[in-house]
Asker: 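Below is the structure I would like to discuss, written out as structure tokens.
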Amino acid sequence: HKGNYEHYMQKEIHEQPESLTTTMRGRLIRGGTCKAKTVLLGGLKDHLKTIRRSRRIVFIGCGTSYNAALAARPILEELSGIPVTMEIASDLLDRQGPIYREDTAVFVSQSGETADTLHALEYALQNGALCVGITNTVGSAIARKTHCGVHINAGAEIGVASTKAYTSQIVVMAMLALAIGGDAISNQARREAIIDCLFDLPNKVRDVLKLDQEMKDLAKLLIAEQSLLMFGRGYNYATALEGSLKVKEVALMHSEGILAGEMKHGPLALVDESLPIVVIATRDACFSKQQSVIQQLHARKGRLIVMCSSGDATAVSLGGACRVIEVPRVEDCLQPVVNIVPLQLLAYHLTVLRGYNVDQPRNLAKSVTTE
Ligand code: UD1
Ligand code: F6R
């Protein structure tokens, strides 16, 4: 039940410290004397060898679940060394795209019942791929029909807009990357840093939830806008896509997530003094490139809202010209888990202020069981 919250979406956003804790419960091993820190995914342990031998890992999903896979793709490529490709389930089916016996196909679905994803699973099974599920619903069709998988254990998600499932999916896929990556010495420091960060991640999410009032104030400023762009890159391209999906599906405001590296190849033409733009510029290897994106958008008089790591406000705000959202810094590959939270809060408050139905957005269903 909703407890002290007015809407399920609000409750599910605020319970992410707890849902992330249950997602990781029993799966992170701290390591003792002489023992490395590691992860244990019970559902995959007998299949890791086969996954490591695969020629390619293909992520398949729809909507928010696709975005979560996109957020995890860089760390999976880094730790496994296996090429990772992305498929929107319906598009894979439309193209009848190639899937081979040597592929590991990973199906990401909160409900485990989405028709497009389920049909893509049947297609991949026919083509002989190893099929792995990442689902929130025990006993769901996708959980039953995959060869193996991981339950994200985020607890039932009732709001139509997916929030806590998204962050738990990313965490499970980061753990998947650690499990596939194995414990090569060359990766050890990186692995341990990620595992330490996972232990502390619920606390960091608790910290970022304190931005609730700040996001409500921002929503008041944006209440009457026609459109809101979000620019991200690297680990946080997914954050831009997912933030804008939340804004469009619940606040019923046009919003577009844009890969910042594509800015000059078209989107820059849209920028003028009236268009609000969120730029995600938290610290990682892409930071200096995002700083130059901020400068170029500012030169075109864009109304900028920059998300940066705590302490970086002066480094990104161009002398106070941009509104800033400061978030706690975590390990780069887990930063999308923290960064999405203010955007979930923004979408939530925009919806309430604009007077729309939060938990049942018009025209949408929680589980899309028809194509
Ligand atoms: C399992 C138990 C959990 C118990 C734990 C103790 C279940 C559902 N989970 O968790 O209650 O506390 O052992 O060790 O009984 N699977 C798929 N496709 C999917 C998702 C999962 O095939 O999309 C399969 C897995 O390969 C596995 C089984 O379902 O065989 C359970 O998966 P999961 O709950 O993630 O396993 P554990 O975390 O080990
Ligand atoms: C967005 C949303 C949808 C779902 C999509 C896939 O908030 O809820 O985009 O993510 O319909 O659903 P699942 O994950 O159940 O396969």
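All ligand and atom numbering here is 1-based and tracks the order in the structure.
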Asker: Among protein heavy atoms, which sits nearest to atom 14 (O) of ligand 2, and what does the distance come to when rounded to 0.1 Å?
Answerer: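 Protein heavy atom with the smallest distance to atom 14 (O) of ligand 2: S65 OG, 2.5 Å.
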
Asker: Within less than 4.0 angstrom of ligand 2, does K366 place any heavy atom?
Answerer: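 The answer is no, since K366 has no heavy atom less than 4.0 Å from ligand 2.
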
Asker: Return a yes/no value for G43: is any of its N or O atoms, backbone included, closer than 3.5 angstrom to an N or O of ligand 1?
Answerer: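 Min N/O separation from ligand 1 is below 3.5 Å for G43.
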
Asker: Is it true that V247 and V327 fall in one hydrophobic cluster, defined by side-chain heavy atoms closer than 4.5 Å?
Answerer: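 As far as the 4.5 Å side-chain criterion goes, V327 and V247 are connected within one cluster.
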
Asker: Give me the residue, atom name and distance of the protein heavy atom closest to atom 8 (O) of ligand 2.
Answerer: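 Ranking protein heavy atoms by distance from atom 8 (O) of ligand 2, first comes V160 O, 3.2 Å.
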
Asker: Measure the distance from atom 13 (P) of ligand 2 to every protein heavy atom, then report the residue, atom name and distance (to 0.1 Å) of the closest one.
Answerer: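 The answer is T114 OG1, 3.2 Å.
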
Asker: Relative to ligand 2, is E249 under 4.0 angstrom through side chain, backbone, both or neither, heavy atoms considered?
Answerer: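 The part of E249 near ligand 2 is the side chain, not the backbone.
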
Asker: How far is atom 11 (O) of ligand 2 from its nearest protein heavy atom, and which residue and atom name does that atom have?
Answerer: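 Its nearest protein heavy-atom neighbour is V368 CG2, 4.1 Å.
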
Asker: Considering non-hydrogen atoms of the protein only, which is the closest contact for atom 10 (O) of ligand 1, and what is the distance?
Answerer: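 For atom 10 (O) of ligand 1, the nearest protein heavy atom is R27 NH2, 4.9 Å.
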
Asker: Run down the list A165, S162, C62 and name the one with the heavy atom closest to atom 5 (C) of ligand 2.
Answerer: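 It is C62 that holds the nearest heavy atom.
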
Asker: Return the option from T135, N153, L40, N136 holding the heavy atom at the smallest distance from atom 23 (O) of ligand 1.
Answerer: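 Answer by nearest heavy atom: T135.
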
Asker: With a 4.0 Å cut-off, strictly under, does atom 15 (O) of ligand 1 pick up any protein heavy atom?
Answerer: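 Neighbour list for atom 15 (O) of ligand 1 is empty of protein heavy atoms (cut-off 4.0 Å).
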
Asker: Considering D116, T64, I134, which one's heavy-atom position lies nearest to atom 2 (C) of ligand 2?
Answerer: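 It is T64 that holds the nearest heavy atom.
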
Asker: Any salt bridge between K216 and D212, counting N to O under 4.0 Å?
Answerer: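 Here K216 does not pair with D212 in a salt bridge, since their nearest N and O are not under 4.0 Å apart.
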
Asker: Within the protein, is there a heavy atom lying under 4.0 Å from atom 1 (C) of ligand 1?
Answerer: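 There is no protein heavy atom less than 4.0 Å from atom 1 (C) of ligand 1.
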
Asker: Near N4 CG, under 6.0 Å, is it more than 12 heavy atoms from other residues, nucleotides or ligands?
Answerer: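 Count not over threshold, so no.
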
Asker: Determine, for Y100 and R55, whether the Lys NZ or Arg CZ falls below 6.0 Å from the six-membered ring centre while staying within 45 degrees of the axis.
Answerer: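 No, a cation-pi geometry is absent between R55 and Y100.
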
Asker: Can you name the closest pair of heavy atoms from R354 and I223 and give their distance?
Answerer: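 R354 and I223 have their closest heavy atoms at NH1-O, 2.7 Å.
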
Asker: I'd like to know if atom 4 (C) of ligand 1 has any protein heavy atom within a distance of less than 4.0 Å.
Answerer: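 Under 4.0 Å from atom 4 (C) of ligand 1, zero protein heavy atoms found.
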
Asker: Between R144 and ligand 1, which part of the residue brings a heavy atom under 4.0 Å of the ligand: side chain, backbone, both or neither?
Answerer: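 None of R144 does.
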
